[in-house]
Amino acid sequence: MHQMLMHRMSPVILVVLLTVSQVICWRPWPHLKPNSSDIIFGGSKKFEGSSEFVHMKYHMGPVLTANITVHTIWYGTWQPAQKRIIREFINSISAVDSKHPSVAGWWKTVQLYTDQTGANISRSVHLGEEKNDRFYSHGKSLTRLSIQSVIKSAVTARTKPLPTNPKSGLYLLLTSADVYVQDFCGQVCGFHYFTFPSIVGYTLPYAWVGNSAKLCPGVCAYPFAVPNYIPGLKPLKSPNADAGVDGMISVIAHEIAELATNPLVNAWYAGQDPVAPVEIADLCEGIYGTGGGGSYTGQLLNYRDGATYNMNGIRRRYLVQWVWNHVVNYCTGPNALDQ
């Protein structure tokens, strides 16, 4: 989800949500607190967000057609096991030999998007360099602008700076569970944008995603955790035994898909205003399987240990939201029952 400073854009967000209410999907934001019976029993099982009202358009900006390299900044305290879950997910995007349904199969929908020359999004996504910021160089409470300062520190470090490649490099800032970021939990679980040369020295597409395990797992790690204001709703077992990180995976996927198709916020999006674009993952948030829509995730898979997932990585399993397919005009994923 691309977000700008919320005090500037909140009126615009309201308009966009109203115009595409047919497909904007569900996350249990605390400020909404819908009726619990509507959440559990509501008639919101729309068919994968399909809608004649959505007009995903190309606005002539660049997309990532060259091999995509994801440079990661680990901000705060991260356990080795947590890093392995996330690293394997990113490497799984290009792992075409993974068992069906696969993360690589999910990426095929993203690859359908093209630039003005007709070149498709790259099929190659792989891990680049990493930077550890284990001493919280900018504190444990970050603003949207200080996130750019963290990236600047990583690309200008005296020792092993992250490489700068605006054409194919993505910068993924991941904050640990004890770090608060502006609007986290209340309005966003992650966002993407591009860095300002005045702050970082370069225009670089980046995303931030936070581990919500301590602050708001019922919102940002849903359905592996549930809000306490929804009685009777039980969390699902996460596939990698870490609800916070497993919840991050879908948000990371969401942001990487949108960075690939709309890196400078002038390429693929729906809606009339680039200040508040509705992008290919926004349209399908909360949809993970056939029949998904509203508060219903769709039909998922269960592993023999009882964990819930919808696609396979190289060795692990993941729960990843679907993305909008502009060719057929609805949300699609590799675990669709009609494939």
Side-chain angles (χ1 to χ4, degrees), residues 1 3 25-32 39 70 72 74-90 92-93 103 106 172-181 183-192 207-230 233-258 281-282 284-289 292 295-298 300-303 305-313 316-323 333 335:
M1 173 181 285
Q3 300 271 342
C25 294
W26 188 79
R27 190 178 283 277
W29 297 116
H31 64 282
L32 298 179
I39 290 171
V70 180
T72 308
W74 302 97
Y75 191 89
T77 303
W78 289 92
Q79 300 303 316
Q82 295 177 316
K83 291 183 176 182
R84 286 194 293 269
I85 295 169
I86 294 171
R87 286 176 183 138
E88 183 177 318
F89 172 73
I90 294 170
S92 294
I93 294 174
V103 176
W106 167 83
L172 183 61
L173 174 59
L174 304 175
T175 50
S176 58
D178 55 348
V179 177
Y180 175 75
V181 172
D183 299 321
F184 191 20
C185 298
Q187 294 171 321
V188 295
C189 300
F191 60 77
H192 77 89
W208 158 76
V209 179
N211 186 341
S212 67
K214 292 182 179 179
L215 295 173
C216 58
V219 175
C220 292
Y222 179 87
F224 303 127
V226 297
N228 55 17
Y229 63 81
I230 307 178
L233 190 61
K234 295 182 179 180
L236 302 178
K237 183 177 180 180
S238 66
N240 297 288
D242 188 317
V245 173
D246 275 315
M248 291 180 72
I249 292 297
S250 192
V251 186
I252 291 170
H254 179 127
E255 303 304 339
I256 290 178
E258 292 182 345
D282 296 330
C284 307
E285 185 170 352
I287 296 177
Y288 301 89
S295 60
Y296 177 58
T297 58
L300 307 178
L301 303 170
N302 290 306
Y303 196 57
D305 64 355
T308 299
Y309 70 106
N310 67 344
M311 56 191 77
N312 295 286
R316 299 174 184 269
R317 287 154 295 281
Y318 298 101
L319 184 67
V320 179
Q321 69 153 91
W322 288 7
V323 291
N335 57 309

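Both backbone and side-chain heavy atoms feed into the values below; hydrogens, waters and symmetry mates do not.
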Next item on the list: State whether a side-chain donor-acceptor pair under 3.5 Å links W106 with N335.
Entry: no
Check: Which atom names give the shortest non-hydrogen contact between S212 and A221, and what distance separates them?
Finding: OG-N, 3.6 Å
Next item on the list: Could you tell me whether the side chain of Y222 reaches within less than 4.5 Å of the side chain of I230, counting heavy atoms only?
Entry: no
Checklist line | Heavy-atom donor-acceptor pair, S92 side chain to G313 backbone, under 3.5 Å | finding: no
Margin query: Under a plain distance cut-off of 3.5 Å, with no hydrogens placed, do H254 and Q321 share a side-chain donor-acceptor pair?
Written below: yes
Item checked: Any L319 side-chain heavy atom under 4.5 Å of P223 side chain -> yes
Check: How far does CZ of F184 sit from SG of C189, to the nearest 0.5 angstrom?
Finding: 6.5 Å
Checklist line | Side chain proximity check, L300 to L236, heavy atoms < 4.5 angstrom | finding: yes
Margin query: To check you understand the geometry: which heavy-atom pair defines the closest contact between Y309 and P239, and what is its length?
Written below: CB-CB, 4.3 Å
Check: Ignoring hydrogens and geometry, is there a side-chain-to-backbone donor-acceptor pair from R316 to F89 under 3.5 Å?
Finding: no
Next item on the list: Spell out, as yes or no, whether a donor-acceptor pair under 3.5 Å connects the side chain of E255 to the backbone of L172.
Entry: no
Margin query: I need the I287 CD1 to Y296 OH distance, nearest 0.5 Å.
Written below: 11.5 Å
Next item on the list: Starting at CG of N310, measure out to OH of Y318 and round the result to the nearest 0.5 Å.
Entry: 12.5 Å
Margin query: Would the distance check show the side chain of K237 and the main-chain N or O of Y303 forming a donor-acceptor pair, the cut-off being under 3.5 Å?
Written below: no
Margin query: Side chains of I252 and L174, heavy atoms from C-beta outward: is any pair under 4.5 Å?
Written below: yes
Item checked: R84 CZ to Q79 CD distance, which is reported to the nearest 0.5 Å -> 10.0 Å
Margin query: Do N211 and W78 have side chains that approach each other closer than 4.5 Å (heavy atoms only, starting at C-beta)?
Written below: yes
Next item on the list: Might you point out which heavy atoms bring V179 and L215 nearest each other, and give the distance in Å?
Entry: O-CD1, 3.5 Å
Check: Taking side chain as C-beta onward, heavy atoms only, is T72 less than 4.5 Å from R87?
Finding: no
Note to self: Quick one, C185 with C220, criterion disulfide (SG to SG under 2.5 Å). Give me CA distance, side-chain angles, the key distance, then yes/no.
What the structure shows: CA-CA 7 Å; C185 298; C220 292; 5.1 Å; no
May I have the list of side-chain donor-acceptor pairs in residues 242-249 shorter than 3.5 Å, sequence neighbours left out?
unit_1	atom_1	unit_2	atom_2	d
D242	OD1	G244	N	3.3
D242	OD1	V245	N	3.0
D242	OD2	Q82	NE2	3.2
D246	OD1	N240	ND2	2.8
D246	OD2	S238	OG	3.1
D246	OD2	N240	N	2.9

Item checked: Pairing residues for K214 by the side-chain hydrogen bond (donor to acceptor under 3.5 Å, both in side chains) criterion, not counting sequence neighbours -> none
Note to self: Using modelled atom types and a 3.5 Å cut-off, is there a donor and acceptor pairing between side-chain atoms of W208 and backbone atoms of G190?
What the structure shows: no
Notebook entry, point to check: What is the minimum heavy-atom distance between R27 and V251, and which atoms define it?
Noted result: NH2-CG2, 4.0 Å
